[in-house]
Amino acid sequence: MADHGVPEMPADVSHSEPTLPGATYATALPLVKEALKRPKCKVIVNALGTPPADVIEMVHESGRLIGALCGKVKQAVAHKNAGLDFVVAQGGEGGGHTGEIGSIVLWPQIVDAIAPLPMLAAGGVGSGRQMLAAMSMGAAGVWTGSLWLTVEEAEGQPAQKESYLKATSEDTVRSRAWTGKHARLIKNKWTDAWDDDSTPTPLGMPMQFMISADARRRTEIYAGVEKAQEVAMNPVGQVIGQLNQVESCRDVIYRLLEEYVDALDAVNRKLPSD
Ligand SMILES: Cc1cc2nc3c(=O)[nH]c(=O)nc-3n(C[C@H](O)[C@H](O)[C@H](O)COP(=O)(O)O)c2cc1C
């Protein structure tokens, strides 16, 4: 932080950024309970592992569905065996916490491993053509993240959005520098510094997050994203390389549908007519 001109957090500045992620039982449970109080909440989805049995029971008793993300077949099978209703399979190109196996290899393996449970395909979906690819491999639908970082409605700061619009698919990296578990982030001075041989190996989750949460407060809240974009942490997938303009959510949905139908027509035209 000091190398890049990001000042220390002044003692009198208050903030709400947590120093522990919602990735422990103690920190996640109050969030689940809060979500279940809200009628508009229709499903609960867990990242980074199979939810505990009591959480699954609590969600089912409330009449809702529960699913979980995964990046490996064995994780998907564990989700199924625990009684989840669906699985989100995220290929390594996806943004945020992600595994190593690419979507086109992962999705069909997981569809087969958990059938007849539905699989939602995640990781690298930013167009209707990519949706069609997922559906052709047996997905029941798609699950997207990075696609929403560049929309008009997204909360990102202008400098952050600018860096997304400029990024190519080569500008992301899987790194443990944010939370201690591998997550795909925009490659910048923060991820480079943790990759440097002279730097300690990142700690495991949740300890690394306690270090990076402090850095995040200093960049985002005190120094301001404009000033500190080079060292800010931005979870983003490789699909960011094809997101080069600001669209409204409404336009994104219509674009996905139109592209999907056009791509399906194009595939159908390739079939012999008789
Ligand atoms: C900024 C950002 C934050 C994310 N945070 C979470 C999260 O807290 N929990 C989670 O399950 N997945 C999270 N993800 C992963 C998404 O749920 C989704 O699986 C992923 O973005 C799909 O790949 P894509 O980025 O190529 O669309 C996040 C993704 C992004 C881009």
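For reference, positions follow the sequence shown, starting with 1. All values derive from a computational prediction rather than experimental measurement. Just follow the structure's listing: the first ligand is 1, and inside any ligand the first atom is 1.
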Quick check for students: name every N or O atom pair between ligand 1 and the protein closer than 3.5 Å, with distances.
{"unit_1": "ligand 1", "atom_1": "17 (O)", "unit_2": "W143", "atom_2": "NE1", "d": "3.0"}
{"unit_1": "ligand 1", "atom_1": "19 (O)", "unit_2": "Q90", "atom_2": "OE1", "d": "2.4"}
{"unit_1": "ligand 1", "atom_1": "19 (O)", "unit_2": "W143", "atom_2": "NE1", "d": "3.3"}
{"unit_1": "ligand 1", "atom_1": "23 (O)", "unit_2": "G123", "atom_2": "N", "d": "3.3"}
{"unit_1": "ligand 1", "atom_1": "25 (O)", "unit_2": "G95", "atom_2": "N", "d": "3.0"}
{"unit_1": "ligand 1", "atom_1": "25 (O)", "unit_2": "S146", "atom_2": "N", "d": "3.1"}
{"unit_1": "ligand 1", "atom_1": "25 (O)", "unit_2": "S146", "atom_2": "OG", "d": "2.5"}
{"unit_1": "ligand 1", "atom_1": "26 (O)", "unit_2": "G124", "atom_2": "N", "d": "2.7"}
{"unit_1": "ligand 1", "atom_1": "27 (O)", "unit_2": "G145", "atom_2": "N", "d": "2.9"}
{"unit_1": "ligand 1", "atom_1": "27 (O)", "unit_2": "S146", "atom_2": "N", "d": "3.4"}

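For the residue pair S163/Q160, the side-chain donor-acceptor check at 3.5 Å is not satisfied.
Between the CG atom in L147 and the SG atom in C249 there is a gap of 8.5 Å [rounded to 0.5 Å]. A distance of 9.5 Å separates SG of C70 from CD of Q90, quoted to the nearest 0.5 Å.
The two atoms that bring K161 and V151 nearest to each other are NZ-O, 3.0 Å, heavy atoms only.
A side chain to side chain contact (heavy atoms under 4.5 Å, CB included) with D85 is found for exactly one of I44, L65, V59, namely L65.
Checked against ring pair (Phe, Tyr, Trp, His ring centres under 6.0 Å), W143 has no partners two or more places apart in sequence or in another chain.
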